[in-house]
S.K.: 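Here's a structure for you.
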Amino acid sequence: MGIFSKSSGAFRDAKGDLILENVTKSFATFTAVDDLSLTVPRGSFFALLGPSGCGKTTTLRMVAGLEQPTAGRIKIGSTDLTGSRPYERPVNTVFQSYALFPHLTVRDNVAFGPKRRGSADPVGEANTTLELVQLSHLADRKPTQLSGGQQQRVAVARALVNHPEVLLLDEPLGALDLKLRREMQVELKRIQMEVGLTFVHVTHDQEEAMTMADTVAVMNLGKIEQMGAPEVLYDLPRTKFVANFLGQSNMLHGTVQGIDGDFTVIGAGDHKVKVRTSRMAPGEGGEAIFGIRPEKTRVHDEAPSATLAGASLGPGTLLDVSFTGVATQYLVDVPGVGRWAVYEQNLDLDRISNKPGDQVWISWNPGHAFGVRS
Amino acid sequence: MTTGQKLRFWISERIVMIIAVAVLLYLFLPVAYTFAFSFNNYRKSNIAWNPEGSPTLKHWQDPCGVEGICESLGTSIRVGFIATLAATILGTMLAFALVRHKFKGRGAGNMLVFIPMATPEIVLGASLLTIFVQGFTRIGLKLGFWTIVLAHIMFCLSFVVVTVKARLQSLDPRLEEAAEDLYADARSTFWRVTFPLVLPGIVSAALLSFSLSFDDFIITNFVSGNESTFPKFVYVSYLRGIPAQANVIGFSMFVIAVLLVVVGQVIGSRRRSPSS
Amino acid sequence: MTALAHIGSTGAGAQTPGGPAPEPTKKGGITAYLLLLPGVLWLLVFFVAPMAQLAAVSLQSQFPGYPGYYYRDVNFGSYVTAMTEYLPQFGRSLLFAGSATLLAFVLAYPLAYAMAFKAGKWRGLMMICVIAPFFTSFILRTIAWRQILADEGPVVGALKWLHVMPSSGRITETGFAVVAGLTYNFLPFMVLPIYASLERADPKIIEAGGDLYANGLTTFRRVTLPMSMPGVLAGTLLTFIPAAGDYVNAELLGSDSTKMVGNVIESQFFKVLGGFPVAAALSFTLMAVILALVFVYVRRYGTEELL
Ligand SMILES: Nc1ncnc2c1ncn2[C@@H]1O[C@H](COP(=O)(O)OP(=O)(O)OP(=O)(O)O)[C@@H](O)[C@H]1O
Ligand SMILES: [Mg+2]
């Protein structure tokens with residue numbers, strides 16, 4: 001494309017997957033990112049999901065070159081970028097707070113990168129990119145004269161205009177209200193498809209991560225807990241943290257008590273439940289946690305038949321029933337297990353005859369259960 | 001509501017504003033006096049209003065009509081310019097070092113900048129006079145124009161540092177990171193982002209320096225020898241009676257300054273609004 | 001002069017989302033020292049060295065029989081003279097400066113408050129009005145006060161007409177006039193920092209305070225005042241320090257019985273043969289007292305940022 005033809009000698013025109021190898025970042029005594037390794041395939045939409053303070057921003061800053069890792073390497077394709085300055089990397093960032101230059105107009109903000117790279121027509125490039133984010137009509141304004149959503153799009157344009165190999169977005173939608181957020185999610189996804197760049201998108205909104213990304217990595221305490229396609233992550237969480245962070249899970253803490261055909265049996269007190277052995281997180285015997293999503297369970301007035309042994313619990317006390325239109329949510333207290341939630345689709349309205357205080361049983365299809373290690 | 005209640009409500013809603021305007025009037029009262037007495041057709045001293053022949057425009061037609069007055073004004077302006085230039089440059093450098101760099105003795109550096117501001121002018125003046133008279137005269141420095149300049153740079157310096165420092169500290173460091181991320185090396189990051197954003201602080205610091213220097217009397221009085229600045233001219237002529245030309249010049253400086261500030265603000269707000 | 005407004009700011013910076021702000025400081029290096037060198041050198045030569053010289057002078061002794069000639073010594077006699085003979089002037093300086101600071105605060109706060117929260121589009125104009133009087137030389141303005149407060153002037157006339165003041169009463173040449181002059185001269189130094197700190201305060205927080213405490217006065221005491229504390233601190237220092245060292249107001253508006261320590265220093269330097277050591281001792285004592293007060297005050301009311 002020749003975009004980088006006039007770039008300074010130090011500029012590394014790397015192409016390929018983004019690779020982090022055993023990256024660690026420590027601040028004084030605190031380890032923000034702990035021996036993290038991951039590969040982001042070229043051209044994919046990658047979401048980094050995790051609670052506040054887990055090290056997402058720090059990871060992005062290391063990829064951008066704003067922070068140097070304490071240990072480990074950062075590569076794009078076969079080019080090692082570790083130790084290089086931010087302006088030497090084919091990586092651009094959309095900052096969490098946008099960080100637009102307040103003294104420059106929107107157009108000059110966007111043209112900033114192309115000018116520094118010595119582009120022949122920085123203003124033309126800026127105008128083209130502003131069209132892409134549908135902001136051409138505001139090009140002469142100063143950032144402070146824009147709404148939050150517009151500022152956000154300027155920040156995206158300012159990074160995109162450089163056609164980086166990797167675009168880093170640090171909670172770019174965090175400051176927007178819910179409706180605008182949904183709109184911008186669609187918009188960002190459209191832009192990513194259109195330009196075909198690698199997007200690394202940081203968020204702590206699980207819904208956002210799952211709707212937008214090809215691959216989601218769930219991060220906690222500086223480590224990647226689990227990584228994969230959104231539906232895989234949801235269906236088969238591999239750790240207790242992921243099971244609770246992505247959606248909600250009903251859990252039973254117990255011990256592995258043996259094998260029954262394709263199933264592993266987990267027991268706690270009088271209760272015994274079974275999980276397909278292939279759906280157990282790897283590990284040996286000992287303690288384990290049984291999990292099942294609330295929408296995969298049902299509520300019964302009577303004790304379920306013996307055929308459902310290992311795929312039911314009860315009796316428990318119904319604590320709360322809330323009707324939400326499409327579905328009904330039940331909260332059941334099972335002695336020795338704790339509180340479980342049940343979401344039932346309202347396909348059969350007659351069934352909402354249960355009242356708080358009633359005695360109920362819960363059942364599910366054993367194939368949907370999963371097991372993680374504690 | 002009765003009229004009395006309405007009035008009470010009206011006043012309580014605006015009481016703060018009313019006090020504020022009263023305080024502003026209080027600030028302006030002596031300026032108005034200075035202005036009025038520039039038209040006084042006084043005989044011996046310009047203290048009491050002389051109804052005969054007043055108001056007169058004669059002092060306005062001949063503002064330099066008193067010996068030394070315009071020379072002293074010229075000295076004040078020249079001192080102000082040189083001192084402002086030097087103090088702004090030195091102070092801005094200091095502010096950058098103190099905010100942007102970690103080094104041994106940063107605390108001591110901050111202290112060294114702060115203490116001159118906490119020292120009364122008379123002490124600064126006295127100490128400068130002693131060293132000028134007992135030390136620097138040996139290397140040929142005589143009290144006069146340059147000793148005033150040297151002293152003014154010193155006391156303006158701390159005010160520049162404090163002003164620029166405040167601006168620098170409120171600058172979001174992410175802006176500079178964003179510049180670096182957008183292919184600006186250290187030099188262009190500084191000139192394209194940091195400097196333009198700190199510039200308003202530097203300009204305010206320079207304006208502050210100039211007004212402090214221009215209006216200084218106490219330190220100047222100690223270190224000026226036979227050289228006269230405008231405040232010193234006024235003070236010295238006080239005993240003999242201040243000529244109305246001083247009022248003319250004093251009030252004109254006020255008008256010029258106000259005009260400059262207004263023009264500056266208008267240009268500033270033009271720049272800030274969209275050009276389309 | 002608008003820049004004075006910055007002096008009240010703590011420089012804490014705008015709180016933006018995005019986790020901890022990256023530390024903007026760079027490690028030492030030669031650049032830091034190059035940036036520091038000229039300014040620090042300047043302050044060493046034109047502040048520290050003169051102070052040292054002044055200290056030396058304050059300890060000098062006079063050649064007996066040769067007034068105006070001194071020799072190097074470590075003689076605390078000048079300090080004794082300073083503290084015994086001129087104690088009243090000393091006390092008066094602190095008293096006058098303290099009163100003027102208090103008065104200036106009382107006048108400045110409503111003005112700063114109105115500018116920050118009530119002025120709306122008039123804010124810029126009010127700001128200019130606060131700064132503008134500065135440009136008429138302060139000596140001219142002080143002399144104008146002398147005229148306004150003079151025996152034949154409008155204020156005394158009005159007070160006598162109202163019988164608030166006895167017919168023999170006067171304002172000029174009293175301590176009251178000196179305090180009034182000091183208050184007037186340093187008022188903008190109080191207004192601007194307070195305004196700056198109020199302006200940065202979020203009016204929503206004050207509104208929330210209004211909801212919490214309902215009572216306007218309590219809101220002020222619990223919410224508004226604490227938020228403007230950095231500005232109040234800077235303002236009181238910027239008023240008190242120059243006021244305590246001032247002699248022009250006492251000279252132009254006062255009499256012999258209202259002389260302040262500044263007047264003594266000035267006349268010892270310029271009008272008394274051999275007065276240098278006593279003047280130096282007085283200067284040092286004044287500075288020591290002020291620095292001590294400032295440090296206690298800053299410690300007590302926070303904001304290390306000022307240092
Ligand atoms: N410069 C620093 N010095 C010390 N600790 C730091 C620094 N930067 C980050 N940390 C710490 O590292 C941890 C990770 O911070 P990071 O900003 O990466 O979190 P995050 O996942 O982006 O959180 P959020 O979702 O709130 O933005 C936090 O506990 C933070 O306090
Ligand atoms: Mg973050």
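Letters A, B, ... are given to chains in the order of the sequence lines, protein chains preceding strands, and every chain is numbered from 1.
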S.K.: Specify the closest pair of heavy atoms between A:Arg89 and B:Tyr183, including all atoms of both residues, with the distance to one decimal.
M.R.: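 The pair with the smallest heavy-atom distance is O-CE2, 3.5 Å.
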S.K.: If I compare all heavy atoms of B:Ala178 with all of A:Ala99, which pair ends up nearest, and what's the gap?
M.R.: CB-O, 3.9 Å
S.K.: If you look only at pairs with a residue in residues 126-156 of chain A, which of them pass as a ring-ring contact (aromatic ring centres under 6.0 Å, His included), with sequence neighbours excluded?
M.R.: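 The answer is none; no pair qualifies.
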S.K.: When rounded to the nearest 0.5 angstrom, what distance separates NE2 in A:His103 from CG in B:Leu175?
M.R.: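 It is 8.5 Å, given to the nearest 0.5 Å.
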S.K.: Sub-4.5 Å heavy-atom contacts with chain A: which residues of residues 188-197 of chain B show up?
M.R.: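 So the qualifying residues are B:Ser188, B:Arg192, B:Val193, B:Pro196, B:Leu197.
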S.K.: Go through it in stages, so that I can follow the logic: the residues are A:Phe101 and B:Leu182, the test is side-chain contact (heavy atoms from CB on, under 4.5 Å), and I'd like the CA-CA distance, side-chain angles, deciding distance and then a yes or no.
M.R.: CA-CA 12 Å; A:Phe101 303 127; B:Leu182 294 165; 4.1 Å; yes
S.K.: For chain B, which candidate among A:Thr93, A:Asn92, A:Leu168, A:Leu66 shows the most heavy-atom pairs at distances under 4.5 Å?
M.R.: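 Most heavy-atom pairs within the cutoff with chain B belong to A:Asn92.
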S.K.: Between A:Leu104 and chain B, which part of the residue has a heavy atom less than 4.5 Å away: side chain, backbone, both or neither?
M.R.: neither
S.K.: State whether the number of non-hydrogen atoms from other residues, nucleotides or ligands found under 6.0 Å of B:Phe81 atom CZ is greater than 12.
M.R.: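 No, because the 6.0 Å sphere around CZ of B:Phe81 holds 12 heavy atoms or fewer from other groups.
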S.K.: Is B:Arg174 close enough and on-axis enough to A:Phe95, meaning under 6.0 Å and within 45°, for cation-pi?
M.R.: no
S.K.: Please look at B:Ala179 and chain A and tell me whether the side chain, the backbone, both or neither of the residue comes under 4.5 angstrom of a heavy atom of that chain.
M.R.: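 Answer is both: backbone and side chain atoms of B:Ala179 are under 4.5 Å from chain A.
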